[in-house]
Structure formats: C-alpha cells, structure tokens
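This report refers to the structure that appears directly beneath it.
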Protein chains: 2
Amino acid sequence: MPRPTTAPIGVVLARTAKTAGRAFDQALAAAGGSQPVWQILISLKTTPVANQRELADAVGIQGATLTHHLNGMETAGLVTRRRDPANRRVHLVELTDDGEQLFHRLATAAIAHDQRMRRGLTDTEIAQLADLLHRLAANVTDD
Amino acid sequence: MPRPTTAPIGVVLARTAKTAGRAFDQALAAAGGSQPVWQILISLKTTPVANQRELADAVGIQGATLTHHLNGMETAGLVTRRRDPANRRVHLVELTDDGEQLFHRLATAAIAHDQRMRRGLTDTEIAQLADLLHRLAANVTDD
DNA sequence: TATTGTTATACTCTATAACTATA
DNA sequence: TATAGTTATAGAGTATAACAATA
C-alpha cells in the first residue's frame, strides 16, 4: 500500500524560491538594486548591529563576502565606512543620503512584489505559510 | 490603525529557501552531487523530454547553461550524448550506469533531507505548504 | 594572542551572443 | 531560413586562506 506520494517538499520549495527569487531580482534591478544590497540595507535600517561580523550574520553571508558588497556600495556612494573611535578595529557602516533613497526605492519595489505574490491568498494563509516555513527552516538549522 | 505588520512573505521565503538550499547543497555534496546535477538527473529519470531545450526548461535554465552542466556530467561519465538518427540535430542524453548510481545516491540523500525538513509537520501541513507555495509561484509566473 | 576587517584568489551557477550542424 | 545545440565570454554571488590593523 504505497503512501500517497507527496512531491518532496524540498523540491517544491526550491522551485518556488527560484521562481519567486528571479521575479524579485527583476523587481529590485528595475529599482536599481539587487538582493544582497537589499538585504544589507534592510539589516542596516532595522537591526542594531555592533560590527560587520554581526551584519554579515544578519544577512547570512561570510565577512569577506560582506566586504565585497560593501566595497561596491561604498563606490556607488550608498554607504560610508569609518573606524569606531571607541574601538578602532570596528568599522562603522552608515547609510548616505543616496543609500537612504535607494532603501526607500527598494522598499517600495519589495512591497509591490510582496503584494503581487500575495494575490489570492488571505492574511491567515500568509501567516500559516510563514509559520510553516519557519518550522521547516528550524529543522535544517544546526543550533 | 496600522495593519499588523506581517513580515514580507518574500523575505521569509527567500530566507527559508537560502537556509534549506544550503543544507540541501551540503547533503548532495556529501553524496557526490550538486543541485543542478540532481535537477538534471531527476528530470532525465522522471520527465519524458524530446530534446535538450525541453530538458533545460524542465530544470529552469537556459540551453547554454544546460550544455555547461552536461559537459561536466559527460566528463564525469554520468551521461552520454549521441545524435538522434531520426533527426541528427537532436542530441539524445542518456544516463550511464555511473549516472544511474549517482541518481540513486542523490535520491537517498534527498529523501533523508526531506524527512529531516518535515520533522514536526503533519502530512496535512506539508500538503498545505505545497499548495500555498504553488499559488505564490503562480502569482509571479508570467503566462 | 585574539579580534575585526580586507585582500587575493577562485569556484559555481547563470546568462547572452555568435557560431556550427542539420533540416 | 529555421531549429538544435555548442563555444566563447562574462558577470554575480559566494567562499577560503592569508594578511594587516588594532586591542
């Protein structure tokens, strides 16, 4: 008596994330950004981080990878880096006016993208989905 | 009266997919594979494709990208390519014995990974999740 | 010595454009 | 001309290892 073969949830998740991620990429690109830049901006705006290591953790990348993105963002005039006088090993990352403006443009694009994705789903269903995704992620997080 | 700020579902989805995707990468790497190789193998085994273009579509990549992966897989002895006698423009892709074996190893790893992710979730919840993800993806698919 | 961050280097996945082979 | 696939090239994102600066 074969179990009803539910398609592997990992496959469904990966496929959906690929599709949604590409659409999100396009939305952000049209607004002059990208997913890593958006993640970094949103972390800077919403999460109090003491140093770049914590920022990298918040974004989910390595420190060297963060440096790579910050280099680009600094060249583009989105952020400044200066040493913390209290601990000169620490580099304080701060948004410029241009960085603030890009943040708002990307936020607008992200909100529009989210509303598009949510079409036809109730708030309850979205909450269910978020809960299920959280529980799934917890299962593959080693801690 | 501000709406209860549900976290953007796109953010939750992207974060979950990143976490789950990396765990899946590690599981496949430990079994000697990768996500693109696994997607190609599973498409070859389960989807009847007439040519490489259809295979690329099934995997969700461009034809040239598929060629890139098939080159590696052919070098690794996982697949063979030969021209279709009936239409010599078409290259028939076939799994070798080694390819079959890798498919089974990766399938085992994928199943274990799926079971790990599903811990604590009922079959009903998984089915709900799959349904919600499908509806989300449909909203960002242009067709 | 330990901590913070950068530099150097390289790998994987992906893509577009130009090309070859076949029809 | 149109179709199937490959080659050439490039770009984005990520990572590890070695290094410099600071404590």
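Bear in mind the structure is a predicted one, so any value in this text is a computation, not a measurement. Numbers restart at 1 for each chain; the letters A, B, ... are given by sequence-line order, proteins then strands.
Contact between the side-chain N/O atoms of B/Asn71 and the OP1/OP2 oxygens of D/dG5 is not found at any separation under 4.0 Å. Side-chain N/O atoms of B/Arg89 include none lying less than 4.0 angstrom from OP1 or OP2 on C/dT20. Residue B/Lys18 has a polar side-chain atom (N or O) positioned under 4.0 Å from OP1 or OP2 of D/dT14.
Between B/Leu28 and B/His113, every side-chain heavy-atom pair lies at or beyond the 4.5 Å cut-off. Between B/Leu102 and B/Val37, some side-chain heavy-atom pair lies under the 4.5 Å cut-off.
With A/Glu54 contributing its side chain and A/Ala50 its backbone, the two residues share a donor-acceptor pair below 3.5 Å. In this structure, B/Arg135 contributes its side chain and A/Gly120 its backbone to a donor-acceptor pair below 3.5 Å. A/Asn139 places a side-chain N or O within donor-acceptor distance of the main-chain N or O of B/Arg119, the cut-off being under 3.5 Å.
In this structure, B/Glu54 and A/Gly63 both approach DNA chain D, and ranking their closest nucleotides by distance from the 5' end singles out B/Glu54. Both B/His68 and B/Pro85 lie near DNA chain C, and the one whose nearest nucleotide falls closer to the 5' end is B/His68. With the nearest nucleotide of DNA chain C identified for both B/Gln35 and A/Ala50, A/Ala50 has the one nearer the 5' end.
Distances from the side chain of B/Arg83 to the nucleotides D/dT7, C/dT6, C/dT22 place C/dT22 closest. In this structure, the nucleotide among C/dT16, C/dT14, D/dT14 sitting nearest to the side chain of B/Gln62 is C/dT16. Listed nucleotides: C/dA15, C/dC13, D/dA23. Nearest to the side chain of B/Ser34: C/dC13. Checking C/dT7, C/dT14, D/dT14 against the side-chain heavy atoms of A/Arg22 singles out C/dT14 as nearest. Minimum atom distance to the side chain of A/Thr65 is reached by D/dA15, of the listed C/dT14, D/dG5, D/dA15. Checked against C/dT16, D/dT22, D/dT14, the side chain of B/Ala64 finds its nearest nucleotide in C/dT16. Among the nucleotides D/dT22, D/dG5, C/dT6, the one closest to any side-chain atom of B/His91 is D/dG5. The nucleotide whose nearest atom lies closest to any side-chain atom of B/Arg53 is, among D/dT7, D/dG5, C/dA15, D/dG5. Between C/dA15, D/dA23, C/dT6, one nucleotide has an atom nearer to the side chain of A/Asn87 than all others, and that is D/dA23.
When rounded to the nearest whole Å, the span between CG of A/Leu70 and C1' of C/dT6 equals 11 Å. Rounded to whole Å, atom P of C/dA23 lies 10 Å from atom CG of B/Asp84. Following rounding to the nearest Å, A/Arg88 (CZ) and D/dA20 (C1') show an atom-to-atom distance of 13 Å. Taking atom CG on A/Asn51 and atom C1' on D/dA21, their separation rounds to 15 Å, with Å as the unit. Atom CG of B/Leu28 and atom C1' of C/dT12 are 14 Å apart (whole Å). Taking atom CZ of residue A/Phe24 and atom C1' of nucleotide D/dG13, one finds them 16 Å apart after rounding to whole Å. Taking atom NE2 of residue A/His69 and atom C1' of nucleotide C/dT7, one finds them 16 Å apart after rounding to whole Å. One interatomic measurement links the two molecules: CG of A/Leu66 to P of C/dT6, which rounds to 8 Å at whole-angstrom precision.
A salt bridge links B/Lys45 to B/Glu100: one of the charged nitrogens lies within less than 4.0 Å of a carboxylate oxygen.
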